[in-house]
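The structure appears below as structure tokens.
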Amino acid sequence: MGHLSSLRLYNTRTRTVEQFAPLRGDEVRIYVCGLTPSAQAHLGHARSFLFFDVLRRYLEFRGYRVTYVQNVTDIDDRSIATARERGTTFDVVMAENYASFKASMRRLGVREPDEEPYATAYIPQIQAMIRMLIGKQYAYVVEDGVYYSVRAFPRYGELSRRNIEELEAGARIEVGEYKHDPLDFALWKFAKEGEPSWPFEPYRAGRPGWHIECSAMSRELLDPQGVGFDMHGGGADLIFPHHENEVAQSEPLMRRPPMANTWIHGGLLLFDSRKMSKSLGNFEPLSQLLDRHDPQAIRLLFLQTGYRKVMNFTEESIGAAGSVLDRLKKTYRLLRASKSGGDKGLLQRVDEALADDMNTAVALSHLLQEETPSLDEFERVLTLLGIEPHASWLEETAVTLPADFVERLKSALGPSTPALRAFAQDDKSVSPEALLERIIALRNEARTNKDWAKSDQLRDALASCGVALHDTSGGTTWSVVA
RNA sequence: GGCGACGUAGCCAAGUGGUAAGGCAGAGCUCUGCAAAAGCUCCAUCCGGCAGUUCGAAUCUGCCCGUCGCCUCCA
């Protein structure tokens with residue numbers, strides 16, 4: 001389809017909203033910094049990856065061929081420490097947390113990356129890059145490892161807009177560190193006794209620093225020629241030092257910088273106006289949070305806010321998103337049921353909104369405002385935003401009674417209730433649903449007799465069992481409520 | 001301390017010079033024995049404060065107040 005507007009995206013590198021154009025034909029190569037699974041993922045991670053999922057869907061919608069790489073930092077200091085505490089090895093810790101993260105991403109409808117490189121699988125490439133940096137005098141070897149010499153790269157600080165002198169003033173070399181300058185960072189850490197390590201000739205066995213893996217893997221997978229790839233993304237907290245360091249590592253070895261044409265950063269997610277962290281006591285694992293909230297509602301919640309903005313997460317806001325999701329489901333059911341064609345134009349309005357630096361909030365408002373969109377466009381927009389309608393959307397209400405429905409009903413009504421006495425005699429042969437239908441019949445009988453007290457008593461009893469009644473002109477229906 | 005972001009109705013939030021999107025919650029009406037559900041309607045003379053620029057500012061400038069982030073591992 002034709003697009004009215006070109007795609008405009010905010011580029012952290014230039015601090016402006018720019019027209020987006022791929023470097024090579026219709027191909028868009030994206031590298032997003034993935035998880036370091038030395039601890040459990042939280043909702044803040046989800047916000048970031050959910051955004052890049054929508055960006056990727058939208059780029060494909062516009063006809064680009066997208067290659068999406070999201071790395072896994074599967075070796076770091078924290079995992080070694082955690083493994084030591086738990087009497088296991090770092091790779092076990094990493095594997096556990098990463099499996100949980102992947103399961104959460106599936107629940108959220110985040111598509112799999114095209115490439116998912118693990119740092120430990122790219123040790124040769126990482127070492128090759130370090131050797132080149134040493135050879136070009138950008139790195140040096142000391143007692144405890146190989147360090148990058150920040151002073152060797154004049155453009156250091158450009159991406160994050162940091163002043164190197166000011167950084168220098170606040171930094172210092174810790175006891176036991178051998179680097180020449182406080183700003184220098186480790187490319188390779190020589191292994192201490194008992195630490196996991198990979199051989200590195202002619203130097204010493206050890207493990208890679210955090211920043212170098214992204215430089216090595218993005219080059220290997222997206223830009224072997226060293227002429228740059230299209231987009232590099234991550235959370236705003238990665239701009240400094242992580243992305244700044246990546247630039248410093250990669251660009252001196254490139255034929256034609258910059259490393260990434262467009263740098264895209266997602267705003268952080270706060271909880272109770274604080275960054276989520278264990279020390280502040282507001283940490284909740286993503287997997288646990290997804291047990292409490294509908295993953296699609298969480299996606300909607302994030303779509304309501306500009307991706308670059310700091311966002312504060314509250315239980316109230318997720319409740320509101322749940323209501324929005326219910327509305328979308330209802331609209332979807334109505335559209336599926338109706339034979340008429342519906343109005344065209346929704347897709348184009350959503351396209352326009354997303355072209356404007358991924359304004360998902362406005363896109364979502366179009367989705368909610370449109371009275372009778374065509375089913376086809378409605379479905380395409382939902383898919384574009386990653387809120388794919390599944391089979392359960394078509395069910396008017398939840399039809400599964402709580403497991404303890406019969407028990408709860410017995411205690412709510414009391415054993416002397418006629419309906420239950422009849423039920424008690426053939427306890428096994430009557431389903432809970434049949435019992436419910438019988439209660440409803442009794443209530444309607446009472447209503448016919450204008451016995452409102454009895455009618456309301458039965459309705460209240462069902463309500464206490466999690467079943468709500470709806471009296472319609474066509475009869476009484478029921479639904480399960482939370 | 002340095003750098004940066006943000007401050008729009010009870011809550012979330014769009015909107016970067018032309019006179020306040022959308023959602024949640026709430027209110028009223030219709031329907032109903034009542035309630036729920038559903039449908040309809042209403043809900044910021046105003047955008048943290050004070051100055052200034054302008055014919056005109058939530059949108060630009062300055063100062064102030066407040067919140068948060070980065071500067072150490074972090075999506």
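Throughout, protein chains are lettered first and strands after them, A, B, ... in sequence-line order, and every chain is numbered starting at 1. Hydrogens, waters and symmetry mates are skipped; everything else that's a heavy atom, side chains included, is used. Only a predicted model underlies this, so the values are computations on that prediction, with no experimental measurement involved.
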Expressed in whole Å, how much space separates the [atom1] atoms belonging to [N] and [M]?
N: B:U30; M: B:A37; atom1: C1'; value: 13 Å
N: B:U59; M: B:C6; atom1: P; value: 13 Å
N: B:G49; M: B:G10; atom1: P; value: 13 Å
N: B:U53; M: B:A27; atom1: C1'; value: 42 Å
N: B:G56; M: B:G18; atom1: P; value: 15 Å
N: B:U45; M: B:A9; atom1: C1'; value: 13 Å
N: B:G15; M: B:A44; atom1: C1'; value: 14 Å
N: B:C64; M: B:G1; atom1: P; value: 13 Å

Applying the Watson-Crick and G-U wobble criteria at under 3.5 Å, what pairs with [N]? Answer none if nothing qualifies.
N: B:U16; value: none
N: B:G7; value: B:C65
N: B:U54; value: none
N: B:A38; value: B:U30
N: B:U59; value: none
N: B:C70; value: B:G2
N: B:U45; value: none

Exercise for review: May I ask you to decide whether A:D114 forms a salt bridge with A:R29, counting only side-chain N to carboxylate O separations under 4.0 Å?
Suggested key: no

Check your understanding: Taking 4.0 angstrom as the limit, do A:E112 and A:K102 come out as a salt bridge?
Key -> yes

Revision key, fill the gap. Sorted by position of nearest nucleotide on RNA chain B, 5' first, the leading residue of A:L270 and A:G233 is A:L270

Practice item. Using the closest heavy atom to pick a nucleotide of RNA chain B for each, name whichever of A:G44 or A:R443 lands nearer the 5' end. Key: A:R443

At under 4.0 Å between heavy atoms, what does [X] touch on the DNA or RNA strands: base, sugar-phosphate, or nothing?
X: A:L469; answer: base
X: A:G234; answer: sugar-phosphate
X: A:S455; answer: base
X: A:K275; answer: base
X: A:G34; answer: sugar-phosphate
X: A:L269; answer: base

Practice item. Assess A:R308 against A:Y10: is NZ or CZ under 6.0 Å from the centre of the six-membered ring, and within 45 degrees of the ring's axis? Key: yes

Review point. Does A:R151 count as lying over the ring of A:Y156, i.e. NZ or CZ under 6.0 Å from the six-ring centre, within 45 degrees of the axis?
Key: no

Exercise for review: Check whether any side-chain N or O of A:Q296 sits under 3.5 Å from a backbone N or O of A:E388 as a donor-acceptor pair, and report yes or no.
Suggested key: yes

Practice item. Report yes if some heavy atom in the side chain of A:T262 is under 4.5 Å from a heavy atom in the side chain of A:D230; otherwise report no. Key: no

Checking side-chain polar atoms at under 3.5 Å, does [X] have a donor or acceptor matched by the opposite partner on [Y]?
X: A:D76; Y: A:T36; result: no
X: A:E213; Y: A:Y118; result: no
X: A:R447; Y: A:S455; result: no

Rounded to the Å, how far apart are [X] [atom1] and [N] [atom2]?
X: A:E315; N: B:G10; atom1: CD; atom2: P; answer: 23 Å
X: A:D356; N: B:G15; atom1: CG; atom2: P; answer: 7 Å
X: A:R308; N: B:U16; atom1: CZ; atom2: P; answer: 11 Å
X: A:H242; N: B:A75; atom1: NE2; atom2: C1'; answer: 11 Å
X: A:D237; N: B:G4; atom1: CG; atom2: P; answer: 18 Å
X: A:N245; N: B:U72; atom1: CG; atom2: P; answer: 11 Å
X: A:L238; N: B:G4; atom1: CG; atom2: P; answer: 20 Å
X: A:E244; N: B:C3; atom1: CD; atom2: P; answer: 17 Å

**Study point:** Reading 5' to 3' through nucleotides 21-27 of chain B, protein heavy-atom contacts under 4.0 Å coded B for base, S for sugar-phosphate only, - for none
**Key:** BBSSS--

Which of the following nucleotides, [options], is nearest to the side chain of [X]?
X: A:K330; options: B:G33, B:C6, B:G39; result: B:G39
X: A:R274; options: B:A14, B:A75, B:C68; result: B:C68
X: A:L268; options: B:G33, B:A75, B:A35; result: B:A75

Under 3.5 Å, is there an N or O donor on one side and an acceptor on the other linking the side chain of [X] and the base of [N]?
X: A:D471; N: B:C34; value: yes
X: A:R459; N: B:A35; value: yes
X: A:D456; N: B:G33; value: yes

Looking at [X], I'd like to know whether one of its side-chain N or O atoms comes within less than 4.0 Å of OP1 or OP2 on [N].
X: A:H470; N: B:A37; answer: no
X: A:T36; N: B:A75; answer: yes
X: A:K309; N: B:C12; answer: no
X: A:N163; N: B:C71; answer: no

Check your understanding: How about A:H243 and A:W263: are their ring centres within less than 6.0 Å of each other?
Key -> yes

Practice item. For this output row, return yes or no: ring centroids of A:H45 and A:F101 closer than 6.0 angstrom. Key: no

Practice item. Mark this stacking check for A:F49 against B:A75 as yes or no, applying ring centres under 5.5 Å and ring planes under 30°. Key: no

